[in-house]
Amino acid sequence: MSVKMSTSSPEAVKKLLENMQADLRSLSMECKKKFPPVKEAAESGIVKIKTIAARNTDILAALKENSSEAVQPFLMGCGTKEPKITQLCLAAIQRLMSHEVVSEAAAGNIINMLWQLMENGLEELKLLQTVLVLLTTNTIVHDEVLSKAIVLCFRLHFTKDNITNNTAAATVRQVVTVVFERMVAEDQKFKGLTEEPPAVPGNSNRRSVSSLRPSAKDAYMLFQDLCQLVNADAPYWLVGMTEMTRTFGLELLESVLNDFPEVFLQHQEFSFLLKERVCPLVIKLFSPNIKFRQGSSSSASSPAPVEKPYFPICMRLLRVVSVLIKHFYSLLVTECEIFLSLLVKFLDGEKPQWLRAVAVESVHRLCVQPHLLQSFCQSYDMKQHSTKVFRDIVNALGSFIQSLFILPGAGNTSSTSTPDTVRHQIKCVMTCVCGVAVFCPRVDAVCVFAVAHEVWEEMVNACWCGLLAALSLLLDASTDETATESILKAELSVASLCGRLSLVTPRDAFITAICKASLPPHYALTVLSNAANLSNKVYSIQGQSVQMVSPSSESHQQVIAVGQPLTAQPQGTVVLTAKNIQCMRTLLNLAHCHGAYLGTSWQLVLATLQHLVWILGLKPAVGGVLKPGRAVEGPSTVLTTAVMTDLPVISNILSRLFESSQYLDDVSLHHLINALCSLSMEAMEMAYGNNKEPSLFAVAKLLETGLVNMDRIEILWRPLTAHLLEVCQHPNARMREWGAEAITSLIKAGLSFKHEPPLSQNQRLQLLLLNPLKELSNVLHTDIRQKQLECVLQILQNQGDSLGPGWPLVLGVIGAIRNDQGESLIRTAFQCLQLVVTDFLPTMPCMCLQIVVDVAGSFGLQNQELNISLTSIGLLWNISDYFFQRGEAITEELEREEAVLLKQAQDKGEPLNRPFHPAPPFDCLWLCLYAKLGELCVDPRPAVRKSAGQTMFSTIAAHGTLLQPLTWNIVVWKVLFHLLNCVRKSSTTADKEKIESGGGNILIHHSRDTAEKQWAETWVLTLAGVARIFNTRRYLLQQLGDFFKAWEVLLDHIQSAALSKNNEVSLAALKSFQEILQLVTPMKDMDKLDVLAAMDVPPVLMESLQGSGPGRPLVRSDSLAERLVQRYGAQPSLPPPGEELDDSALWWSAWNTWYRIGTECTRPPSGGKDKLVFVPSQPFLTALIQIFPALYQHIAGGFSMEDLKKLGVILHGAVSVPISSDSSPFILPSYTEAVLTSLQEAVLTALDVLQKAICVGSENLQVMYPAIFEQLLLFVEFSCKPPQYGKMETKHVANAKYNQVSLCPAEWVALNYVPFAERSLEVLVDLYHKTACHKAVINEKALQNIIKTDVWTLYDETF
């Protein structure tokens, strides 16, 4: 627009007029002499111009209207054929043309004049310039005039002058372009108007052209004639063409087709030309070339004569074909199939190398258009009876690439490729691969289009084999980092695409290729064994087997690392090159960016990475991150400086790879986990049977993957932890150490992670997280258990307050101790238990308290660490205190839980399975505590038994009031009596062998130097404890229905203990007997205290109201129990009147027991000379006789003569028992002292109690006086006739031998009965003074019996 304005401005018009006048004057001057007509015409023209300028305002329009007259002088000047004049005239004509003042008629005249000059060979370059100016400055030239101008240029192109030739060629190209540009402008001008009806199809050109506009018609006629000329036919429109070359014609066709494709696509007339003229022409021109190929194969010795014309045309034909396919594929589907088949044939190995190179270039032009490739596959490969064009193209390219590395065989005329050629072919293949990969950027986003998905699958299935073969060869041969990167990127793209399309086989094949390229050459990796071995490839190309010629480029690669292979058996070192690391990066990129599509290929990728990591010496650190480490055995890894700087980067990429697993979908994540587990299994198998350090890659990455996927840990937890538990059982210490590290780290991370909903509201997830911790308890390795317990300790310290329903699992882990696990492990576990008991009892559910008791008990029972056992008993005491302090809260919570469990059991139709059911839940808790202490009371270690016994009886004494009355029944029968039975059994079967020391340098006292003596102490403690409970809780126990039976059992235990041959046990039994006899029967005034207790009067006030009776007062502490009874719904009830006084059955049972004990222990041995017989000790007999006064208080009302006789037998037998010479110095008085022994004092005291009771009693009792006289007289006679203890030989105390060292049995010493007889006589005389007047004494002739007795000598001495 600016050009037109500049030529039409007043200044430009004025200058044009001046120039025209000047040109005419110059022409007039030049022709003045030789060409007068021209001179006259010039002068006439000057006048004409002046006239036009004077008469018209629009001078340019007037000039154009009169242009024929205006240019006539110049045309006449050109007719002179004088060079100078011709040049002047042509310049003037060009000036007029540039100002667009030439009419159509004038233009015709100018063209005719130019034709004449051309024929005369004048000013050829000026002619071309003038034609070009004429055609480019306006559109007035059409039809024959235009064709004549074009022919003029064509004819100048074929002159012999090179300058003219080349200028004409350029002009022709520009003119042809101008013709079609006019048509495009014309179409644009009429774009908004109504479309003309389509032309009627037919073979007649005229019928086709009739509907075209002028410029379109010119273009049509020109293109048609170009086809005619290339086909060596006469042109229809370009009349006057005398010469034409096919090469030039093909070039013009190519430029038109390439530059103006819309012309052929929008106009049916031109489309007709394409189908009917161009395509047949191309096919026709290709035909001789195919024949040439056949001829050259048969006469390979002389292909040169045919090669020269063949190359230019073939090259241009292929370019035309490329343009046709590129722009007009939609119009020429069938024709393109032929063209593409020809391209594939030209890639054949039998073709000359230059032809194949040109064909590859043509294929390259097609491959840069992904939509074309997709169209090929849709139109051909997916049709049933069509040529598999796309597959053939890719395979042909692959064969071409392979042929670059094959050994030339017989008949193979291929020349060695130049580096440039190879690079170009690589570029072509790369472009093809990228075209295949790019056409489907996001399959998952558009997979709803099933048809498109089918096309993509077909394309991949058609091309992957050829691509893989070609890319693998190129990757092997590549020594350039950039080229290698392109190849790897291509392989990655195809692998990703196959993954997105779910094509497993091709995906795995490409991933395998990348994996093998990442590893050192000849590296044996089982997972890749299914792929072909790259080091020895044999390919089939066109049916011929060929061998690769050393394509491997390792010798040209920089070695950056030397390390050991990851194998079961030691092998030599392997090397990694820069290309290996580059391939490794690609593999990491593939896994990182396309992990969602890898599926089962994770196994290939991770196996390769594991081996590379091993070779590079990367070892796992905290959290599973891999860091450079030193090899444990074998040659150390040698790393160059280049790779040393890359190692942290590789480590970070590896970590990011597994961190990115958080973005994988659940299925892909499972594939990743399964692959890691499979790798770990292989590493475990490899680690069996050797001491070589195992590969920990898989375990470390399982940990890392689990840590970053905590938000969905449920979906991977079971397979992940199940495998790690297997790793924890591996015999290799390093392997299982990392297995434990991984599983404990995951558990801690899972518990500390902020889940939604929180773990406190998601019991199932919490139990899921803690369950592997429990499973670790089944592992026998100590180091694993140590890790487990350290993890528990950290969990308690960090999340102990929020464990909630997880407590049973945690406590189960703490309590899963065994005696074979060592002190360190037990100490750590006990540390956890101590933390639980001291800090977390209030926070845990009450249902877990029983588990705490069981766990504490299990630590008491372990035999590795005595101090822990003793401390655990202390913990049980602390637990009991906690029960006592929070009794009401615990009871309420347990009852709620009990109701839920009971309902669940009823729904299932099953009974409630709970220890000590149907006792109340809180009582069951106490019973479990007592039962556990009871187990500890029979522990093999004396210190544990003693501590447990003291704790249990103290606990029952302190907190027993919390129990309901019915629960006491279970305490008595299943705890106390069960314990007594076990202790009695263990005591009677204990070993009597002497124990030298108590462990270490601890000496044992002689009283505890056998197991029997140690068990005796336990028996003593247990019996005393049970008796004390019966004493202090008698009122509570008596309300039980079977109290009398329990009393009988207790008396039986006392009897069996009293008759034990262990002096300590027997004496303690009698003390327990004494204790239960000190029970005071509640008097009527105690009713007041019971009422006060029912009214919740504090026990302190009640104790102040209690009186003290004979012996030990009855300690009552039942008020709290009664309050609990009240809370449980029962009313505090007092025993019915009279029942509380009717305890005679109990006391008579006790009397019978006392009598049996006395009878058994005073019965003389059957053998007289046996010095090893058991004889009861004096303290025992003394204690036995001392029991009678307390017992008599309870049975005095029913004491009969028969009972008195029984008593006499016991008393007589007791004083008859001799003393061992070992103990005589401590019991007997000196020979000169007249003092009674304790036993003799006790005997006389018993009789004294009896006589006093008779004295104050009823007359019915006085009949017993004679019997008492008789007994005393018997004792008096001992002074003359000492009693004989069976047939046992006794010696006088003066003659007995005292053994300081017990090398032989001790001798038996008879007592000095004279003091006893004297005292008996005194009692006798005193009694007679008091009772002489009693009827029974007189009737039984007591005096006569006294007189008969030979005691007067003693009496005289006494009085």
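Since the model is a prediction, treat every value here as computed from it, not as a measurement.
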With a 4.5 Å heavy-atom cut-off, do [X] and [Y] have their side chains touching?
X	Y	value
Leu332	Lys275	yes
Asn19	Lys15	yes
Phe223	Val176	no
Ile150	Val179	yes
Met221	Leu226	no
Ile111	Leu114	yes
Phe264	Leu257	yes
Asp187	His267	yes

So how far is it from [X] [atom1] to [Y] [atom2], rounded to the nearest 0.5 Å?
X	Y	atom1	atom2	answer
Leu17	Ile46	CG	CD1	12.5 Å
Phe272	Tyr220	CZ	OH	6.0 Å
Thr164	Phe158	OG1	CZ	14.0 Å
Ser98	Ile93	OG	CD1	12.0 Å
Gln188	Glu181	CD	CD	13.0 Å
Leu146	Leu222	CG	CG	7.5 Å

(request) Could you please spell out the steps behind the side chain to side chain contact (heavy atoms under 4.5 Å, CB included) verdict for Leu343 and Ile393? (result) CA-CA 8 Å; Leu343 282 176; Ile393 289 174; over 6 Å; no
Under 4.0 Å between a Lys/Arg side-chain N and an Asp/Glu carboxylate O for [X] and [Y]?
X	Y	answer
Glu361	Arg365	yes
Arg155	Glu243	no
Arg316	Glu254	no
Glu82	Lys34	yes
Arg173	Glu251	yes

Any side-chain to backbone donor/acceptor pair from [X] onto [Y]? Under 3.5 Å, distance only.
X	Y	answer
Arg182	Leu135	yes
Ser44	Ala41	no
Glu186	Ala216	yes
Ser322	Leu318	yes
Glu335	Cys279	no
Tyr380	Val333	yes
Asp218	Asp143	yes

How close do [X] and [Y] get, heavy atom to heavy atom, and via which atoms?
X	Y	result
Ala168	Leu156	CB-C, 3.6 Å
Val239	Val151	O-CG2, 3.4 Å
Cys227	Leu281	O-CD2, 4.0 Å
Cys78	Thr86	O-OG1, 3.9 Å
Cys31	Val38	SG-CG1, 3.3 Å
Leu372	Lys326	CD1-CA, 3.8 Å

(request) Apply salt bridge (charged side-chain N to carboxylate O under 4.0 Å, His left out) to the pair Glu43 and Lys39, showing each step before the final yes or no. (result) CA-CA 6 Å; Glu43 291 175 350; Lys39 174 181 177 295; 2.7 Å; yes
(message) Aromatic contact between Phe270 and Phe260, with the criterion being ring centroids under 6.0 Å apart: yes or no?
(response)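 No, the ring centres sit 6.0 Å or more apart.
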(message) Apply side chain to side chain contact (heavy atoms under 4.5 Å, CB included) to residues Asn109 and Val71 and explain how you reach the verdict.
(response) CA-CA 9 Å; Asn109 295 333; Val71 299; 5.6 Å; no
(request) Assess whether side chain to side chain contact (heavy atoms under 4.5 Å, CB included) is satisfied between Phe74 and Leu27, documenting all intermediate values. (result) CA-CA 8 Å; Phe74 300 117; Leu27 179 60; 4.2 Å; yes
(request) Not counting sequence neighbours, which residues clear side-chain contact (heavy atoms from CB on, under 4.5 Å) with Pro235? List them please. (result)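 Result, side-chain contact (heavy atoms from CB on, under 4.5 Å) vs Pro235: Asp225, Leu229, Leu238, Met241.
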[X] and [Y]: side chain donor to acceptor below 3.5 Å:
X	Y	result
Tyr329	Ser379	yes
Asn112	Lys148	yes
Asn166	His157	no

(request) Tell me, with the steps shown, if Val363 and Val344 meet side chain to side chain contact (heavy atoms under 4.5 Å, CB included). (result) CA-CA 9 Å; Val363 173; Val344 171; over 6 Å; no
(message) Testing Val131, Leu252, Thr177 one by one against Val172 for a side-chain contact (heavy atoms from CB on, under 4.5 Å), which residue passes?
(response)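 Single side-chain contact (heavy atoms from CB on, under 4.5 Å) partner of Val172 among Val131, Leu252, Thr177: Leu252.
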